[in-house]
Amino acid sequence: MRSTVEKGRWAEAHASRHLQSKGYQVVEKNFRCKRGEIDLIVERDGVLCFVEVKARRSQDFGGALLAVDVHKQRRVAAAAEIFLALKPHDGPCRFDVVTLMKEAGRWRVSHLENAYEAGG
């Protein structure tokens, strides 16, 4: 059994490959600051996306998407604010969620663009 950190890294790597296959460029992985963490920061067509990655083996407790609650959204938005202060971006920005859900023995990846607003 892998540790939680190892599982998270595996999910983030899988999500990163999925996004790259859709034409996104990875700008940064695991951006951390005192206000929060952003799993992936990607860009495509001038749009900078702050991506939260969640993996779940079942729909128990609402599944992966419900794990990105308002508190998590606020922490990611706060970290995004600091990221943009350090590395300004002239184009639009948005918050996306990539979920990995195990179904029938296989992992299914879903990418929800513009999943929430910065205000949570």
Side-chain angles (χ1 to χ4, degrees):
M1 179 65 73
R2 292 189 240 179
S3 73
T4 302
V5 171
E6 288 173 324
K7 289 176 192 173
R9 295 288 182 250
W10 173 86
E12 290 163 8
H14 199 74
S16 178
R17 286 190 301 273
H18 176 76
L19 292 170
Q20 288 174 315
S21 76
K22 292 174 66 175
Y24 288 87
Q25 299 291 321
V26 175
V27 174
E28 189 145 350
K29 295 178 180 181
N30 301 110
F31 174 77
R32 287 183 176 82
C33 63
K34 63 182 179 179
R35 296 184 67 196
E37 176 187 353
I38 305 168
D39 294 329
L40 295 170
I41 302 170
V42 298
E43 185 271 333
R44 184 176 76 178
D45 299 330
V47 178
L48 192 65
C49 307
F50 301 100
V51 182
E52 180 65 16
V53 178
K54 289 292 178 190
R56 295 291 183 268
R57 292 186 179 276
S58 74
Q59 288 286 353
D60 295 350
F61 309 108
L65 191 55
L66 285 183
V68 186
D69 63 12
V70 68
H71 301 291
K72 183 63 174 176
Q73 293 172 17
R74 287 180 184 148
R75 289 184 61 81
V76 171
E81 196 174 326
I82 290 175
F83 178 85
L84 290 170
L86 296 170
K87 299 177 183 180
H89 177 73
D90 290 334
C93 299
R94 70 174 192 236
F95 297 92
D96 292 3
V97 175
V98 172
T99 61
L100 292 92
M101 182 66 64
K102 195 157 193 180
E103 294 178 353
R106 297 190 64 188
W107 288 95
R108 184 175 62 89
V109 181
S110 295
H111 176 202
L112 180 59
E113 296 180 0
N114 209 22
Y116 58 91
E117 298 292 322

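Each residue takes its place number in the sequence, starting with 1.
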Could you walk me through whether Leu84 and Cys93 pass side-chain contact (heavy atoms from CB on, under 4.5 Å), step by step?
-> CA-CA 10 Å; Leu84 290 170; Cys93 299; 4.1 Å; yes
Applying ring pair (Phe, Tyr, Trp, His ring centres under 6.0 Å), name anything that partners Phe31, two or more places apart in sequence or on another chain.
->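 Partners of Phe31 by the ring pair (Phe, Tyr, Trp, His ring centres under 6.0 Å) criterion, ordered by chain and then number, come out as Phe83.
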In the single-linkage hydrophobic clustering (I, L, V, M, F, W, Y; side-chain heavy atoms under 4.5 Å), do [X] and [Y] co-cluster?
| X | Y | value |
| --- | --- | --- |
| Ile82 | Ile41 | yes |
| Ile38 | Val27 | yes |
| Val109 | Val42 | yes |

Test Glu6 against Arg9 for salt bridge (Lys or Arg N to Asp or Glu O under 4.0 Å), laying out the working first.
-> CA-CA 5 Å; Glu6 288 173 324; Arg9 295 288 182 250; over 6 Å; no
Return each pair, listed once, that meets salt bridge (Lys or Arg N to Asp or Glu O under 4.0 Å) where at least one residue sits in residues 40-51; pairs must be two or more places apart or across chains.
->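 As it turns out, the salt bridge (Lys or Arg N to Asp or Glu O under 4.0 Å) pairs with a partner in residues 40-51, which skip direct neighbours, are Arg44-Glu113.
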Please say which of Gln73, Arg75, Lys72 ends up in a side-chain contact (heavy atoms from CB on, under 4.5 Å) with Glu52.
-> Lys72
Kindly compute the distance separating NE2 (His14) from CG (Leu19), expressed to the nearest 0.5 Å.
->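 Output value for this atom pair is 10.5 Å.
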Hey, what do you get for CZ (Phe50) to OH (Tyr116), rounding to the nearest 0.5 Å?
->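 So the gap between those two atoms works out to 9.5 Å.
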Selection residues 85-98 - residue pairs positive for side-chain hydrogen bond (donor to acceptor under 3.5 Å, both in side chains), sequence neighbours left out |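 Qualifying pairs, neighbours excluded: Tyr24-Arg94, Glu28-Lys87, Arg94-Asp96, Asp96-His111.
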Listed partners of Ala11 passing side chain to side chain contact (heavy atoms under 4.5 Å, CB included), at least two apart |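 For Ala11 the side chain to side chain contact (heavy atoms under 4.5 Å, CB included) partners, ignoring immediate neighbours, are Val53, Ala55, Leu100.
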Which residues pass the salt bridge (charged side-chain N to carboxylate O under 4.0 Å, His left out) test with Arg106, sequence neighbours left out?
-> none
All salt bridge (charged side-chain N to carboxylate O under 4.0 Å, His left out) counterparts of Arg17, not counting sequence neighbours =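 For Arg17 there are no salt bridge (charged side-chain N to carboxylate O under 4.0 Å, His left out) partners, ignoring immediate neighbours.
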For Ala77 and Ala118, work out which heavy atoms get closest and say how close.
->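 Heavy atoms of Ala77 and Ala118 come nearest at CB-O, 3.3 Å.
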Would you say Asn30 and Glu37 make side-chain contact, with heavy atoms under 4.5 Å?
->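 A side-chain contact exists here, since the closest heavy-atom pair is under 4.5 Å.
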Residues, nucleotides or ligands: over 12 heavy atoms within 6.0 Å of Lys34 NZ |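 Open: at most 12 neighbouring heavy atoms sit under 6.0 Å from NZ of Lys34.
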